[in-house]
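Just so we're clear, the structure is a prediction, and the values are computed from it rather than from any experiment.
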Amino acid sequence: MSALSSRRLISRLHQHLLSLLSPSSSSAAAPAPFPFPLLTRRFFSSDALLDGSQILQQQPTRIIQATPSIMTPNSKRTGLIAVKCGMTALWDKWGARLPITILWVDDNIVSQVKTVEKEGIFSLQIGCGNKKAKHLSKPEVGHFRAQGLPLMRKLKEFPVTEDALLPVGTSIGVRHFVPGQYVDVTGISRGKGFQGGMKRWGFKGMPASHGTSLAHRSIGSTGQRDAPGKVFKGKKMPGRMGGKQRTVKNVWVYKIDPARNLMWVKGQVPGATGNFVFIKDAVYQKPDVSVLPFPTYFATEDQDATDLGLLVADLGEIDPFMVAD
């Protein structure tokens, strides 16, 4: 019925337009009526909504080059994807023991560039690792092949400023960060399964004696009486513990090994050994913009990464133990 009514409406409109353009009986000659498609194109196309002054000019293609530049206080660099290798302990030159987490930056490559003109945001998609085509979906394989890049295992998008954009295919190493700066590390915490209130939230539990039976690790009361007559949302109770995304902020970078793309950071980071973590410049304890490579570190042609030694953070010339005494 809808198709039939549409055809009737178009037929009536055609007849009405022909009657408006048909010659009168008094006129000697009149031009032939216009074809119906030419008459209706103005009314049924989007061209009728625009005139010559409203047609937008096509924006020129943005040219992104991998060249060093000067970082400003408002600039925001991209982050990196790393693999957690585990924890150990080191002693600095003053003899202080440092709990250390070792992170491996595995061949980070820019896989996509997003701009305001197309996506509405400035960001870089970073990929790392290798994966076979049979373990990826067809859209993922097409995404990598369209950019001419190898198949990658992990992708992560980092928002950046316009001056920190890098072209597709740019390789980013561990020297993107500088020893002594602070970073924020994000990862998935270790899953611990279903746990009780004492382990999950640190509850004290019930008394160990004086009449307590079979409820020593209970959480106790969870609500009130008839008013409100319910348990409020968000109440700390037994449940699934861990396995959530968490960010450890202001992690100090102690040492960097450019030859093996290893980074030693002080303290713990979320995740188990072998998990991916995401590293970016710290938000609160911002590093000095004058010492950071911007938009990333570019090695010279005659520089060999295997010949570089370890880069250790400057600990100063004052012994902290002597100052304490």
Identify the two heavy atoms, one from [X] and one from [Y], that lie closest to each other, and give their separation to 0.1 Å.
{"X": "Gly316", "Y": "Trp94", "answer": "O-CZ2, 3.4 Å"}
{"X": "Leu90", "Y": "Tyr254", "answer": "CD1-CE2, 3.9 Å"}
{"X": "Phe298", "Y": "Thr67", "answer": "CE1-C, 3.8 Å"}
{"X": "Met198", "Y": "Lys204", "answer": "CE-O, 3.4 Å"}
{"X": "Ile219", "Y": "Pro238", "answer": "CD1-CD, 3.9 Å"}
{"X": "Pro258", "Y": "Gly309", "answer": "CD-O, 3.4 Å"}

Flag yes if [X] and [Y] sit in one hydrophobic cluster, no otherwise; membership is Ile, Leu, Val, Met, Phe, Trp, Tyr, and two members link when side-chain heavy atoms are under 4.5 Å apart.
{"X": "Val105", "Y": "Leu310", "result": "yes"}
{"X": "Phe294", "Y": "Val113", "result": "no"}
{"X": "Val289", "Y": "Val160", "result": "no"}
{"X": "Leu124", "Y": "Leu292", "result": "no"}
{"X": "Val251", "Y": "Phe158", "result": "yes"}

Over 12 non-hydrogen atoms of neighbours within 6.0 angstrom of [atom1] in [X]:
{"X": "Asn130", "atom1": "CG", "answer": "no"}
{"X": "Lys266", "atom1": "NZ", "answer": "no"}
{"X": "Lys93", "atom1": "NZ", "answer": "yes"}
{"X": "Gln268", "atom1": "CD", "answer": "no"}
{"X": "Arg200", "atom1": "CZ", "answer": "yes"}
{"X": "Lys280", "atom1": "NZ", "answer": "no"}

Would you find a donor on one side and an acceptor on the other, under 3.5 Å apart, between the side chain of [X] and the backbone of [Y]?
{"X": "Asp92", "Y": "Gly95", "answer": "yes"}
{"X": "Thr212", "Y": "Pro207", "answer": "yes"}
{"X": "Ser189", "Y": "Gly242", "answer": "no"}
{"X": "His176", "Y": "Thr78", "answer": "yes"}
{"X": "Thr247", "Y": "Thr186", "answer": "no"}
{"X": "Trp201", "Y": "Met237", "answer": "yes"}
{"X": "Gln195", "Y": "Lys192", "answer": "yes"}
{"X": "Gln181", "Y": "Val178", "answer": "yes"}
{"X": "Arg77", "Y": "Phe177", "answer": "no"}
{"X": "Lys286", "Y": "Val283", "answer": "yes"}

Checklist entry - Just checking, any donor-acceptor pair under 3.5 angstrom between side chains of Asp163 and Ser75? => result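 Note: Asp163 and Ser75 side chains meet the donor-acceptor criterion.
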Next on the checklist: For a quick check under 3.5 Å, do Asn74 and Thr72 share a side-chain donor-acceptor pair by atom type?
Outcome noted: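 There is no such pair between these side chains.
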Item to check | Tyr297 six-ring centre to Arg175 NZ/CZ under 6.0 Å and within 45° of normal | outcome: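 Geometry flag: set, cation within 6.0 Å and 45°.
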Is there a side-chain contact between [X] and [Y], using heavy atoms and a 4.5 Å cut-off?
{"X": "Val265", "Y": "Met263", "answer": "yes"}
{"X": "Val277", "Y": "Leu103", "answer": "yes"}
{"X": "Ile126", "Y": "Phe278", "answer": "no"}
{"X": "Pro68", "Y": "Pro293", "answer": "no"}
{"X": "Thr101", "Y": "Lys84", "answer": "yes"}
{"X": "Leu166", "Y": "Ile172", "answer": "yes"}
{"X": "Gln125", "Y": "Gln147", "answer": "no"}
{"X": "Pro179", "Y": "Lys255", "answer": "no"}

Item to check | Evaluation steps, side chain to side chain contact (heavy atoms under 4.5 Å, CB included), between Leu262 and Ile256 | outcome: CA-CA 6 Å; Leu262 294 178; Ile256 284 177; over 6 Å; no
Got a second to check how far [X]'s [atom1] is from [Y]'s [atom2], nearest 0.5 Å?
{"X": "Ile100", "Y": "Thr88", "atom1": "CD1", "atom2": "OG1", "value": "8.0 Å"}
{"X": "Ile102", "Y": "Arg260", "atom1": "CD1", "atom2": "CZ", "value": "8.0 Å"}
{"X": "Met152", "Y": "Asp106", "atom1": "CE", "atom2": "CG", "value": "10.5 Å"}
{"X": "Ser111", "Y": "Leu151", "atom1": "OG", "atom2": "CG", "value": "12.0 Å"}
{"X": "Thr161", "Y": "Phe122", "atom1": "OG1", "atom2": "CZ", "value": "9.0 Å"}
{"X": "Tyr284", "Y": "Asn250", "atom1": "OH", "atom2": "CG", "value": "8.5 Å"}

Checklist entry - How far apart are the C-alpha atoms of Arg62 and Ile64, what are their side-chain angles, what is the distance that settles it, and do they pass the side chain to side chain contact (heavy atoms under 4.5 Å, CB included) test? => result CA-CA 6 Å; Arg62 181 183 296 271; Ile64 302 174; 4.1 Å; yes
Item to check | Option among Lys76, Lys114, Glu157 that satisfies the side-chain hydrogen bond (donor to acceptor under 3.5 Å, both in side chains) test with Ser123 | outcome: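 Running side-chain hydrogen bond (donor to acceptor under 3.5 Å, both in side chains) over Lys76, Lys114, Glu157 with Ser123 returns exactly one hit, Glu157.
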Next on the checklist: Any carboxylate oxygen within less than 4.0 angstrom of a Lys/Arg side-chain nitrogen, looking at Glu140 and Lys131?
Outcome noted: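 The answer is no: the pair does not qualify as a salt bridge.
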Checklist entry - With the threshold set at 4.0 Å, does a side-chain nitrogen-carboxylate oxygen contact exist between Lys249 and Asp184? => result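 Result for this pair is no, no salt bridge flagged.
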Item to check | Val168 vs Leu149, side chain to side chain contact (heavy atoms under 4.5 Å, CB included): CA-CA, chis, key distance, verdict | outcome: CA-CA 9 Å; Val168 175; Leu149 298 173; 3.9 Å; yes
Next on the checklist: For His143 and Gln112: C-alpha separation, side-chain torsions, deciding distance, then whether side chain to side chain contact (heavy atoms under 4.5 Å, CB included) applies.
Outcome noted: CA-CA 9 Å; His143 173 69; Gln112 185 181 3; 3.4 Å; yes
Next on the checklist: Name the residue from Asp257, Val83, Val174 that meets the side-chain contact (heavy atoms from CB on, under 4.5 Å) definition with Trp104.
Outcome noted: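 Only one of Asp257, Val83, Val174 forms a side-chain contact (heavy atoms from CB on, under 4.5 Å) with Trp104, namely Val83.
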